[in-house]
Undergrad: 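Below is the structure I would like to discuss, written out as structure tokens.
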Protein chains: 2
Amino acid sequence: MARTSAPENPAARSTGRRRSGRPGHDADSVLRVAARVFNERGYDGTSMEDLARALGVTKSAIYHHVSGKTELLSRSLDLALDALFAVTREEGATTGHAIDRLEHVMRGSVRVLVEELPHVTLLLRVRGNTEVEKRALERRRRFDHLIADLVREGVVDGDIRSDVDPAVASRLLFGMVNSIVEWYKPDRGLACEEIADALVRIAFEGMRAPKE
Amino acid sequence: MARTSAPENPAARSTGRRRSGRPGHDADSVLRVAARVFNERGYDGTSMEDLARALGVTKSAIYHHVSGKTELLSRSLDLALDALFAVTREEGATTGHAIDRLEHVMRGSVRVLVEELPHVTLLLRVRGNTEVEKRALERRRRFDHLIADLVREGVVDGDIRSDVDPAVASRLLFGMVNSIVEWYKPDRGLACEEIADALVRIAFEGMRAPKE
DNA sequence: TGTGTTACCGACCGTTCGTTCAGTAGACCG
DNA sequence: CGGTCTACTGAACGAACGGTCGGTAACACA
């Protein structure tokens with residue numbers, strides 16, 4: 001099993017100007033790499049040794065930046081959830097018809113999903129094995145409820161078809177959204193908006209060709 | 001962490017009449033329980049100790065039935081993939097208009113997914129860490145290609161809208177199908193057909209209420 | 001040159017992992 | 001009863017795991 005690949009360049013600091021002290025990774029760059037590797041091998045399937053290799057340091061160096069593997073998971077999941085909930089607080093998600101708010105949240109979710117791909121991917125794979133994971137699942141469940149409520153409202157408004165259970169519909173809907181993490185490749189391929197367009201079109205109008 | 005739960009009853013043999021020898025688990029009942037536990041905790045997150053507890057035996061007993069953890073994964077993944085490919089060979093999936101064949105495969109996939117829930121769930125979570133997982137991913141990719149081809153044919157027939165990329169559409173479509181494993185509970189809740197109906201309706205006609 | 005600050009190494013610890021093996025236990029049949 | 005079949009136990013193995021610790025390396029600024 002060749003687990004080797006080029007180590008991350010620590011010089012690519014996320015924010016602004018240099019700090020004092022020896023150059024290298026900081027907590028943020030470690031988190032970014034960790035999330036990526038967690039996705040490639042799964043959280044449980046990733047050893048601290050794997051992370052160290054990807055970072056180009058020894059594993060003991062990781063503990064200089066974070067308290068342990070659990071904190072890396074926790075911070076990654078919080079980051080994803082914070083971004084998703086931020087969408088639900090945007091103006092387009094709080095004012096207007098339910099169906100339009102739903103579309104706004106869908107497009108916003110696609111955006112978050114693409115921008116924070118590794119973190120959201122990790123979130124969608126959580127099984128609830130530990131306390132950290134259980135907490136994340138609980139927050140995610142609250143997000144899902146917001147969506148289900150929007151669909152219910154849309155049905156009441158007469159904008160969303162009433163012949164499917166809103167709970168099932170909202171789950172299928174975001175099953176479609178979330179599935180993007182399974183195949184989206186940031187570098188090559190479609191841009192965020194194109195995917196969102198295709199998604200919204202299929203979700204609302206369906207795959208069948210419109211009658212002429 | 002309380003990892004304890006009632007052990008599986010070995011007496012509930014899957015097939016037919018009793019065999020000779022001491023009663024207990026056999027290879028199939030071990031596989032069934034293993035797939036369930038792999039889903040609850042993730043494959044990498046499940047230890048042989050966890051499996052043994054769920055089976056109500058010591059972990060060394062497991063090696064009487066299977067060669068190791070890898071074989072359990074391998075057999076589970078093959079079982080899921082065999083069932084999915086079987087759908088694509090059914091008559092409804094090989095004759096008729098592409099859009100109807102697509103619907104047949106979608107409904108069949110939902111059926112397989114519900115009937116073999118633990119195995120399919122496991123398949124959808126595979127990351128490709130080992131050779132066994134890589135092989136399963138390869139087979140799954142072939143299945144996905146079949147779907148994409150059906151969508152492309154449907155577009156050529158004029159039955160499926162041409163304003164979305166067939167590759168993206170087919171991925172979103174089966175993202176929706178596959179998301180069912182995330183929330184479907186076999187005991188309580190909807191039956192297999194109801195879900196398939198809702199799925200097909202949303203996928204082909206969309207969520208928006210039809211104009212009257 | 002020296003001081004503060006940040007980043008890292010290498011050896012090591014206790015635990016848990018998947019796996020092995022020699023021996024034992026229970027049901028059926030004669 | 002003995003023979004045969006299948007299912008299981010308990011102790012142990014080496015490897016890999018997450019994590020700790022004392023010491024060191026490289027920068028900025030003075």
Side-chain angles (χ1 to χ4, degrees), chain A residues 1 3 7-34 37-38 41-74 129-132, chain B residues 1 3 7-34 37-38 41-74 129-132:
Chain A
M1 248 185 293
R3 288 197 162 192
E8 196 80 353
N9 181 11
R13 280 275 168 74
S14 46
T15 49
R17 78 179 202 291
R18 301 282 287 272
R19 297 170 311 173
S20 69
R22 178 177 173 177
H25 290 285
D26 62 357
D28 280 336
S29 76
V30 168
L31 178 64
R32 205 181 59 239
V33 174
V37 182
F38 284 162
R41 324 192 74 82
Y43 175 72
D44 287 313
T46 304
S47 68
M48 296 301 273
E49 211 29 85
D50 290 332
L51 286 186
R53 207 176 353 251
L55 287 160
V57 298
T58 59
K59 64 174 177 171
S60 55
I62 299 174
Y63 292 87
H64 178 69
H65 301 290
V66 292
S67 67
K69 201 181 173 187
T70 309
E71 188 190 335
L72 285 170
L73 177 64
S74 171
N129 285 1
T130 64
E131 276 311 310
V132 167
Chain B
M1 251 187 291
R3 288 196 161 193
E8 196 82 351
N9 180 9
R13 278 276 170 73
S14 46
T15 48
R17 79 178 201 292
R18 301 281 289 272
R19 297 172 309 174
S20 69
R22 178 179 173 177
H25 289 285
D26 62 358
D28 279 337
S29 76
V30 167
L31 178 64
R32 206 181 58 240
V33 174
V37 182
F38 284 161
R41 328 191 73 83
Y43 175 73
D44 286 313
T46 304
S47 67
M48 295 303 272
E49 204 41 76
D50 290 332
L51 285 186
R53 208 175 354 250
L55 288 161
V57 297
T58 59
K59 61 177 177 172
S60 55
I62 300 174
Y63 291 87
H64 178 67
H65 301 291
V66 292
S67 68
K69 200 182 173 186
T70 309
E71 189 191 334
L72 285 169
L73 178 64
S74 171
N129 286 1
T130 65
E131 275 311 310
V132 166

Undergrad: Taking atom C1' of C:dC8 as reference, at what distance in whole Å does atom CE of A:M48 sit?
TA: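 Distance, rounded to whole Å: 14 Å.
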
Undergrad: With side chains defined as the heavy atoms from C-beta onward, is the minimum distance between A:L51 and A:V33 less than 4.5 Å?
TA: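 No - every pair of side-chain heavy atoms lies 4.5 Å or more apart.
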
Undergrad: In whole Å, I'd like the distance from the NE2 atom of B:H25 to the P atom of C:dA25.
TA: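 For the pair B:H25 NE2 and C:dA25 P, the rounded distance is 20 Å.
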
Undergrad: Could you write nucleotides 9-16 of chain C as a row of B, S and -, 5' to 3', where a protein heavy atom under 4.0 Å of any base atom gives B, of only sugar-phosphate atoms gives S, and otherwise -?
TA: BB------

Undergrad: Could you tell me the separation between the OH atom of B:Y63 and the C1' atom of D:dC13, rounded to a whole number of Å?
TA: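 So the OH-C1' distance, B:Y63 to D:dC13, works out to 13 Å.
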
Undergrad: With heavy-atom distances below 4.5 Å as the criterion, would you say the side chains of B:T130 and B:T70 are in contact?
TA: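 With C-beta onward as the side chain, the pair stays apart.
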
Undergrad: How many angstroms lie between atom NE2 of A:H25 and atom CG of A:L31, to the nearest 0.5 angstrom?
TA: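 Separation between the atoms: 12.5 Å.
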
Undergrad: Do the side chains of A:L72 and A:F38 get nearer than 4.5 Å, heavy atoms only?
TA: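 A side-chain contact under 4.5 Å exists here.
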
Undergrad: Atom NE2 of A:H64 to atom P of C:dT6: distance rounded to whole Å?
TA: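 My rounded result for the distance is 8 Å.
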
Undergrad: Judged by atom type as modelled, is there a donor-acceptor pair below 3.5 Å linking the side chain of B:H65 to the main-chain atoms of B:V30?
TA: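 A pair under 3.5 Å: no.
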
Undergrad: Any chance you could measure A:T58, atom OG1, to A:H64, atom NE2, to the nearest 0.5 Å?
TA: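 Rounded to the nearest 0.5 Å, the OG1-NE2 separation comes to 12.0 Å.
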
Undergrad: Can you check the B:E49 CD to D:dA16 P distance for me, whole Å?
TA: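 From B:E49 CD to D:dA16 P: 20 Å.
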
Undergrad: Roughly how many Å is it from NZ in B:K69 to P in D:dA15, rounded to a whole number?
TA: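 Going from B:K69 (NZ) to D:dA15 (P), I get 19 Å.
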
Undergrad: Under 4.0 Å: is that the gap between some side-chain N or O of A:H65 and OP1 or OP2 of C:dC8?
TA: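 Checking C:dC8 against A:H65, a side-chain N or O does come within under 4.0 Å of OP1 or OP2.
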
Undergrad: To the nearest Å, give me how far apart CG (B:D44) and P (D:dG18) are.
TA: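 Value for this atom pair: 11 Å.
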
Undergrad: Whole Å only: how far is the CG atom of A:D26 from the C1' atom of D:dC27?
TA: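 Checked: the CG to C1' distance equals 15 Å.
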
